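Structure first, then comments.
Just so we're clear, the structure is a prediction, and the values are computed from it rather than from any experiment.
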Amino acid sequence: MSFASNVRRDWLTNPGREIVSGLVVALALIPEAIGFALIAGVDPSVGLYASFSIAVIIAITGGRPGMISAATAAVAVLVGPLVRDHGVEYLFAATILMGVFQGIAALLRLDLLMRFVSRSVITGFVNALAILIFMAQLPQLTNVGWETYAMVAAGLAIIYLLPRLTTAVPSPLVAIVLLAAVAIGMGIDVNTVGEMGKLPDALPMFHLPQVPLTWETLRIIAPFSLAMAAVGLLESLLTAQIVDDMTETRSDKQRETLGQGIANFFTGMIGGMGGCAMIGQSVINVKSGGRRRLSTFAAGILLLILIVALGPWVAQIPMPALVAVMVFVSVSTFRWQSFADLRVHPWQSSVVMLATVIIVVWTHDLSMGVLAGVLLSGIFFAGKVRQLVTIESAVSPDGTTRRYSIAGQIFFASTDRIMESIRFREEGVAKVAIDLSDAHFWDISATGVLDKIVLRLRAEGKEVEVIGLNEASATLVEKYGEHDKPFASLGVVGH
């Protein structure tokens with residue numbers, strides 16, 4: 001597709017809808033960016049400036065149009081100790097280095113590791129995030145008056161019922177505007193955005209971190225930057241996959257990885273904290289009709305306009321209106337079909353999904369849950385493949401020759417099963433044939449077990465013949481195997 005076609009598709013397709021969708025996202029970003037800044041122990045402006053910068057830059061450089069990236073809790077929880085022990089300037093430096101690490105990850109194509117994340121892990125990740133989004137609204141729903149509950153209920157009614165009448169305007173935006181007008185006009189006593197923290201009244205400025213350019217500084221920030229980069233990419237690539245599924249389109253994961261790095265690199269230079277993709281805001285954007293880069297760009301620009309130019313008005317927006325939107329996002333994000341799937345999916349898939357949900361919700365650490373899910377998936381997969389290996393044996397009529405027929409995938413998880421099937425001290429058997437016509441060797445564990453079997457049988461005085469290796473397996477055995485080398489006849493294992 002030509003450059004002009006890309007521009008028309010990403011920036012000029014239904015611009016009105018894209019900008020309105022970006023406005024809904026911008027309004028939802030404000031309280032969350034403030035909250036994430038407080039989690040990190042910094043001024044609200046750090047989170048708000050970061051959300052503006054990351055959204056605008058990723059709209060241009062990212063690989064998943066329509067996905068929203070900004071300051072996030074996943075990154076914020078990691079940097080609290082850095083800010084507490086060394087100050088906010090070290091946070092800015094760590095954010096710049098985070099971007100560098102993510103750029104390196106893009107060059108190394110680490111985005112390809114996403115192929116090892118199973119569908120069960122992604123489902124668990126989505127369900128856990130939906131639960132966390134809902135839990136994040138609970139502080140706004142406790143120790144409050146009946147007016148708050150009434151406004152949340154009214155907001156949800158508008159969000160769910162308005163699309164039955166018209167879809168010309170996103171229902172979440174209508175809910176926010178109507179509830180804000182009612183709350184301000186009637187002077188209803190509910191929590192407001194302004195009570196979350198002070199909104200900045202100036203534009204962000206270029207700001208190089210005021211830290212010593214020494215190895216000691218690098219030693220301090222590098223571990224935090226590496227953790228931020230890893231968690232940020234993990235959440236971003238998983239969210240990109242989810243948006244791919246929602247929109248039935250594909251995205252460029254390597255470009256997204258590089259785009260995240262560029263966005264965080266420059267965000268650190270304007271006094272912002274690190275961030276990544278946000279599934280909640282991405283769902284809001286998609287549900288509101290945002291599909292292109294323009295919606296993400298508009299979200300960032302409108303966020304800056306709202307907090308700087310319209311700050312006094314924005315501060316009066318009632319929190320129940322935004323809570324209603326986020327509850328809607330939580331309900332929309334959760335994969336309700338996964339409950340029914342528990343009865344029909346293999347039990348291993350259900351265990352992986354549930355384990356991912358439980359660990360993420362328990363620890364509030366997305367990376368821990370996803371890594372646990374990937375590990376479990378790997379264990380179950382290895383066990384399943386191990387069972388696909390078959391070993392049959394038969395002895396000749398005269399009882400002097402035994403033939404083993406091994407079929408299946410031979411790798412580290414299946415070697416022990418093969419070893420257990422071999423009879424090394426069988427009386428009367430002078431010759432052993434190992435038929436590998438239907439087997440495939442994958443790693444040095446496979447060549448190692450073949451060496452071990454052949455050499456042990458020879459040590460027992462038996463003649464051993466290996467037959468049927470396919471070309472790929474034979475190449476692996478020739479390169480790493482030892483039983484057919486000259487020194488093997490001397491009983492020596494290893495070079």
Side-chain angles (χ1 to χ4, degrees), residues 29 33-34 36-62 69-107 197-233 236 257-277 296-297 299-301 303-305 307-309 311:
L29 276 175
I34 295 173
F36 300 151
L38 297 178
I39 290 173
V42 296
D43 188 81
S45 63
V46 175
L48 291 166
Y49 287 159
S51 293
F52 148 71
S53 173
I54 295 172
V56 169
I57 295 174
I58 203 68
I60 300 170
T61 63
S69 294
T72 58
V75 175
V77 297
L78 298 174
V79 299
L82 176 64
V83 176
R84 182 185 64 242
D85 297 338
H86 301 282
V88 71
E89 295 293 333
Y90 278 80
L91 170 61
F92 301 151
T95 301
I96 294 173
L97 186 58
M98 170 190 181
V100 173
F101 283 148
Q102 290 179 327
I104 294 172
L107 294 177
K198 184 179 182 298
L199 299 178
D201 55 6
L203 296 174
M205 303 295 290
F206 180 76
H207 174 82
L208 283 176
Q210 301 301 302
V211 297
L213 298 178
T214 63
W215 284 109
E216 177 63 18
T217 298
L218 182 62
R219 185 189 66 81
I220 292 171
I221 66 174
F224 291 96
S225 298
L226 189 60
M228 292 159 64
V231 171
L233 285 183
S236 296
T257 301
L258 179 61
Q260 292 287 332
I262 295 172
N264 283 301
F265 180 84
F266 287 104
T267 295
M269 292 186 177
I270 64 165
M273 58 191 289
C276 60
T296 306
F297 185 84
I301 294 296
L303 172 64
L304 187 64
I305 294 173
I307 61 178
V308 174

Can you sort out the partners of T257 under side chain to side chain donor-acceptor pair (under 3.5 Å), two or more places apart, ordered by chain and number?
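If we apply the side chain to side chain donor-acceptor pair (under 3.5 Å) test to T257, skipping adjacent residues, there are no hits.
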
In Å and rounded to the nearest 0.5 Å, what is the [atom1] to [atom2] distance from [X] to [Y]?
X    : Y    : atom1 : atom2 : answer
I301 : T296 : CD1   : OG1   : 12.0 Å
T95  : I54  : OG1   : CD1   : 8.0 Å
F92  : M273 : CZ    : CE    : 10.0 Å
L258 : L107 : CG    : CG    : 7.0 Å

Residue pair [X] / [Y]: nearest heavy atoms and the distance that separates them:
X    : Y    : answer
M98  : G274 : SD-CA, 4.0 Å
F101 : A222 : CE1-O, 3.8 Å
L29  : A70  : CD2-CB, 3.8 Å

Quick check against the 3.5 Å criterion: does S236 have a side-chain atom that pairs as donor or acceptor with the backbone of A277?
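Judged by distance alone, yes, a pair lies under 3.5 Å.
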
Please check: side-chain N/O of T217 versus main-chain N/O of P212, any donor-acceptor pairing under 3.5 Å?
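Flag set: sc T217 to bb P212 pair under 3.5 Å.
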
Any side-chain heavy atom of [X] within less than 4.5 Å of one from [Y]?
X    : Y    : answer
L208 : F206 : yes
N264 : V75  : no
S69  : C276 : no
I58  : T61  : yes

Check the pair F224, L78 against side chain to side chain contact (heavy atoms under 4.5 Å, CB included), reporting the backbone distance first and the verdict last.
CA-CA 7 Å; F224 291 96; L78 298 174; 5.6 Å; no

Scan L97, L218, I96 and name whichever one has a side chain to side chain contact (heavy atoms under 4.5 Å, CB included) with S225.
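Among L97, L218, I96, the one that satisfies the side chain to side chain contact (heavy atoms under 4.5 Å, CB included) with S225 is L97.
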
Could you tabulate the donor-acceptor pairs under 3.5 Å formed by side-chain atoms of residues 38-53, not counting sequence neighbours?
residue	atom	partner	partner atom	Å
D43	OD2	S45	N	3.0
D43	OD2	S45	OG	2.7
Y49	OH	A202	O	2.5
S51	OG	G47	O	3.1
S51	OG	A71	N	3.3
S53	OG	T267	OG1	2.8

Extract all donor-acceptor atom pairs below 3.5 Å that involve side chains of residues 80-91 and protein atoms in other chains or at least two apart in sequence.
residue	atom	partner	partner atom	Å
E89	OE1	H207	NE2	2.9
E89	OE1	Q210	N	2.8
E89	OE2	H207	NE2	3.1

